[in-house]
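What follows is a structure written as structure tokens; I'll ask about it next.
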Amino acid sequence: MDGQEGFVEHIASKAEDFSQWYTDVILKSELADYAPVRGCMVIRPYGYGLWENMQAHLDARIKATGHRNAYFPLFIPESFLRREAQHVEGFAPEVAWVTRAGSEDLAEPLVVRPTSETVIGYMYSKWIKSWRDLPVLINQWANVVRWEKTTRLFLRTSEFLWQEGHTCHRTAEEAEEETLRMLEVYRSFLTEDLAIPVIAGRKTEKEKFAGAVRTYSVEALMTDGRALQAGTSHNLGQNFAKVFDITFLDQDDELRHVWQTSWGVSTRLIGGIIMVHGDERGLALPPRVAPTQVVIVPIMPPAARETVLAVARDIQARLTKVSRVDLDAREEYSPGWKFNEWELKGVPVRLEVGPRDIKAGHVVLVRRDTGEKTTASMDGLEQAVRDLLKAVQDGLYSRAKRFMDENTHRVSDYDEFKAVMETKRGFVYAPWCGNQGCEAVIKEETGATIRCIPLAESPRPGACIRCGSRSNLWVYLAKAY
RNA sequence: CGGGGCGUAGCGCAGCUUGGUCAGCGCGCCUGCCUUGGGCGCAGGAGGUCGGAGGUUCAAAUCCUCUCGCCCCGACCA
């Protein structure tokens, strides 16, 4: 088996059948499996370990910006959901209900939370009395349920895990600052920890969260050319404050409604990691969040078995101090089998050690992103591994960034735009007149939606890609998940 | 919710058109031996009410009806 083709015969080709490849990778790498309930999945230990590492990094960033964690209940009274008109309209179609307990019908039906603005708003109205109580900066890690019509592992499941932050502020300006602050937290988390480059921007009226005044998002580009909304941050204004009567007595003795935000990212990000970094051989996990960062594969001919194992265990002990390291000493699998297995699982660095290496006083290091093999001296191995993990993290980011840049198209007219969406897809960066009619027609005719109005760009005159009207508004468009 | 595809051993499948030695194959799994630098080899072995319920028939994995579930592509959403 020395040809490229034979390496990963157990998963579909990414180039030929992206969707099947995506599903195969998840199942075969043991990130997750289908549950007996329609649309639900089991996050297996390998996938959950990945999620825990993602949580740890993001949680630290959330706490570093002054927030604390709490936990609110799974069940929400039906009446709560109905109080905010846009909110109920947005979520009602996908809400799961509890109407009975044991053999008794409930006096008031409960919904299983699709998001927690309402129940948290209710609690905030009890807790907040004075301007001195503000801001309230609370986050929760939880599960939510949205009964989607069709589902996909990690990207869209009936139940998913996420964090949702819910804050209250004294002024509109503070709320807007908070909304943008958390968008930046997501941007840096995605780029620095997950090695996923993103476009940060504002959603259009049509695409914003049900009940928000303004929604911001970070948008990532998958390697099949479709965009993924990777995180959202909403400025809720006083919409929920008014219906839940969240008021405070201000310094000037005036009773005022608070200004709120909410923001979240979910296990959907795992789907993003797979589709941004994965390749024909399977997963490629960013070292910062990989459950296993280094796997040691000992080469153990019977005669050298004890010697090699002793060295491998010693290396494992040393590397444990600088990384998450596993030793794969299973005897029922050949080294070649293990190489493929760990590549499928996306482990960033593989360390091979056998009789030849021991004699030479070095080990073989192989990086997952490029497949590049190097040798590293036994002396200073810790530093070499640390450097290599950093290099893989950076390598994954640069590769993804280059892909996003190369697949962000400037088009000169509407026909070219349509052609791009039909062939290579990717982002299209173009002026838009701001008219919802144009937005709808674009979606109808090209399948692309306005992903966001970027924050970073400075406006300059252009002609709307659809109608030709003069506009300073440049937007990113793409087919989205 | 529209269009398409599919449910036969843990996984992937053949068999169905033309009912009757069709309960079969590959992988995986178990036992033993052997091997180990890119998915080793040999020998033996375990495992399936053919998604479910009705119906037709002397006889149903195969034909008919209903039903449950899954995947893909769209529309909707994180």
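Labels below follow one simple rule: chain letters A, B, ... track the order of the sequence lines, proteins then strands, and each chain is numbered from 1.
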* B:C34 P sits how many Å from A:Met300 CE, rounded? -> 16 Å
* Asked: Under 4.0 angstrom, heavy atoms only, what part of the nucleic acid is A:Thr23 near: base, sugar-phosphate, or nothing?
  -> sugar-phosphate
* Under 3.5 Å: donor-acceptor pair, side chain of A:Asp357, backbone of A:Gly354 -> yes
* Rounded distance in Å between the P positions of B:G74 and B:A61 -> 39 Å
* To do: For this output row, return yes or no: ring centroids of A:Phe244 and A:Tyr124 closer than 6.0 angstrom.
  => no
* Parallel, tilted or perpendicular: rings of A:Phe160 and A:Trp162 (30°, 60°) -> perpendicular
* Asked: NA contact type, A:Leu228, heavy-atom cut-off 4.0 Å: base, sugar-phosphate, or nothing?
  -> nothing
* To do: Could you give the distance separating B:C22 and B:U67 at their C1' atoms, to the nearest angstrom?
  => 27 Å
* Asked: Any side-chain N or O of A:Lys373 less than 4.0 Å from the OP1 or OP2 oxygen of B:G38?
  -> no
* Is a donor on one side and an acceptor on the other found under 3.5 Å between the side chain of A:Asn407 and the backbone of A:Phe403? -> yes
* To do: Look at all strands and tell whether A:Thr215 reaches a base, only sugar-phosphate, or nothing, counting heavy atoms closer than 4.0 Å.
  => nothing
* Asked: Distance check: side-chain N/O of A:Thr267 vs OP1/OP2 of B:A78, anything under 4.0 Å?
  -> no
* To do: Select base, sugar-phosphate, or nothing to describe what A:Tyr481 touches, counting heavy atoms under 4.0 Å on all strands.
  => base
* **Electrostatic pair A:Asp193-A:Arg61, nearest N-O below 4.0 angstrom** => yes
* Does the side-chain ring of A:Phe160 sit on the six-membered ring of the B:A78 base, less than 5.5 Å centre to centre and under 30° in tilt? -> yes
* Structure fact -> Whole-Å distance, A:Glu164 CD to B:A78 P, equals 13 Å
* Base, sugar-phosphate, or nothing: which does A:Lys443 touch, judged by heavy atoms less than 4.0 Å apart? -> sugar-phosphate
* Give the rounded distance in Å between these two atoms: CD of A:Glu332 and P of B:C34. => 16 Å
* **Rounded distance in Å between the P positions of B:U18 and B:U65** => 15 Å
* Asked: With sugar-phosphate meaning primed atoms plus P, OP1 and OP2, does A:Arg350 contact a base, only sugar-phosphate, or nothing at under 4.0 Å between heavy atoms?
  -> base
* Contact class for A:Val364 (heavy atom, under 4.0 Å): base, sugar-phosphate, or nothing? -> base
* For atom C1', what is the distance between B:C58 and B:C68, given to the nearest Å? -> 32 Å
* Asked: A:Pro302 near the nucleic acid: base, sugar-phosphate alone, or nothing, with a heavy-atom cut-off under 4.0 Å?
  -> base
* Asked: Roughly, in whole Å, what's the span from CZ in A:Arg281 to P in B:G39?
  -> 12 Å
* To do: Determine the contact category for A:Gln229: base if any of its heavy atoms lies under 4.0 Å from a base atom, sugar-phosphate if only primed atoms, P, OP1 or OP2 are that close, otherwise nothing.
  => sugar-phosphate
* Do A:Thr261 and A:Thr167 have a side chain donor and acceptor closer than 3.5 Å? -> yes
* Measure the distance from CZ on A:Arg152 to P on B:G74 and round it to the nearest whole Å. => 9 Å
* **Residue list, side chain to side chain contact (heavy atoms under 4.5 Å, CB included) with A:Ala212, at least two apart or on another chain** => A:Phe209, A:Thr215, A:His234, A:Leu236
* To do: In whole angstrom, give me the gap between the C1' atoms of B:G44 and B:C34.
  => 15 Å
* Rounded distance in Å - CD (A:Gln20) to C1' (B:G4) -> 15 Å
* Using a heavy-atom cut-off of under 4.0 Å over every strand shown, decide if A:Glu94 touches base, sugar-phosphate, or nothing. => sugar-phosphate
* To do: Hunt down any stem RNA chain B takes part in, defined as 3 or more consecutive Watson-Crick or G-U pairs whose two distances are each under 3.5 Å.
  => B:1-7 with B:68-74, B:10-13 with B:24-27, B:29-33 with B:41-45, B:51-55 with B:63-67
* A:Lys203 NZ - B:A78 P separation (whole Å) -> 8 Å
* Asked: What does A:Ser266 touch in the nucleic acid at a heavy-atom separation under 4.0 angstrom: a base, only the sugar-phosphate, or nothing?
  -> base
* Hey, does A:Arg356 reach any base, or is it just sugar-phosphate, or nothing, if we go heavy atoms under 4.0 Å? -> base
* Structure fact -> Here the residues of residues 40-50 of chain A within 4.0 Å heavy-atom distance, strictly under, of RNA chain B are none
